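A quick note: this is a predicted structure, and the numbers were derived from the prediction, not measured.
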Amino acid sequence: MSRVCELTGKGPMTGNNVSHAKNRTRRRFLPNLNDVTLQSETLGRGFKLRISAAALRSVDHRGGLDAFLAKAKDTELSANALKIKKDVAKAQAAA
């Protein structure tokens, strides 16, 4: 399982550990990923996603999973999230 947010595409970054003596060794900064179930109002069901804490706040700020996916770029979404986005768009067009 890769350490990438399914909604924002945020992944590991690299940097340095810097000691008091200014010795530098490489390290990784991992995103704060959480397994959550988000509810889709349009489809009326929940979806299990692995997203970052920042993405969870963004979903709440935009008004839910459906509104977040409507504004999200397709290049940032995982294959699972892209399928959810297309299903939501299809259901909204039919309604």
Item to check | Side-chain (Lys85) to main-chain (Ala72) donor-acceptor, under 3.5 angstrom | outcome: yes
Item to check | Contact check, side chains of Thr8 and Ser52, non-hydrogen atoms, under 4.5 Å | outcome: yes
Next on the checklist: Using side-chain heavy atoms (C-beta onward) and a distance below 4.5 Å, is Ile51 in contact with Leu33?
Outcome noted: no
Next on the checklist: I'd like to know if the side chain of Arg62 reaches the main chain of Leu69, judged simply by a donor and an acceptor atom lying under 3.5 Å from each other, with no hydrogens or angles considered.
Outcome noted: no
Checklist entry - So, do Asp87 and Leu43 sit near enough that their side-chain heavy atoms are less than 4.5 Å apart? => result yes
Checklist entry - Among side-chain atoms of Asp66 and Ser40, is any donor-acceptor pair under 3.5 angstrom? => result yes
Checklist entry - For Gln39 and Gly46, which heavy atoms make the closest approach, and how far apart are they? => result OE1-N, 3.5 Å
Checklist entry - When you look at CZ of Arg27, are more than 12 heavy atoms from neighbouring residues, nucleotides or ligands closer to it than 6.0 Å? => result yes
Item to check | Check: Arg50 main-chain N/O paired with Glu6 side-chain donor or acceptor under 3.5 Å | outcome: yes
Checklist outcome for this item: So CG of Asp74 and NZ of Lys86: to nearest 0.5 Å the spacing works out to 7.0 Å
Checklist entry - When you look at Lys48 and Asn80, which way does the side chain to side chain contact (heavy atoms under 4.5 Å, CB included) test go after all the steps? => result CA-CA 10 Å; Lys48 291 187 79 163; Asn80 186 23; over 6 Å; no
Checklist entry - Linking I/L/V/M/F/W/Y whenever their side-chain heavy atoms sit closer than 4.5 Å, directly or via other members, would Leu82 and Val4 fall into one cluster? => result no
Next on the checklist: Closer than 3.5 angstrom, by distance alone: can the side chain of Arg24 be matched with the main-chain N or O of Lys22 as a donor-acceptor pair?
Outcome noted: yes
Item to check | Pair Asn16, Arg26: side-chain N/O donor-acceptor within cut-off below 3.5 Å | outcome: yes
Checklist entry - Transitively linked via ILVMFWY side-chain contacts under 4.5 Å: Leu56 with Ile84? => result yes
Checklist entry - side-chain contact (heavy atoms from CB on, under 4.5 Å) with Phe47: which of Leu38, Val36, Leu65, Thr37? => result Leu65
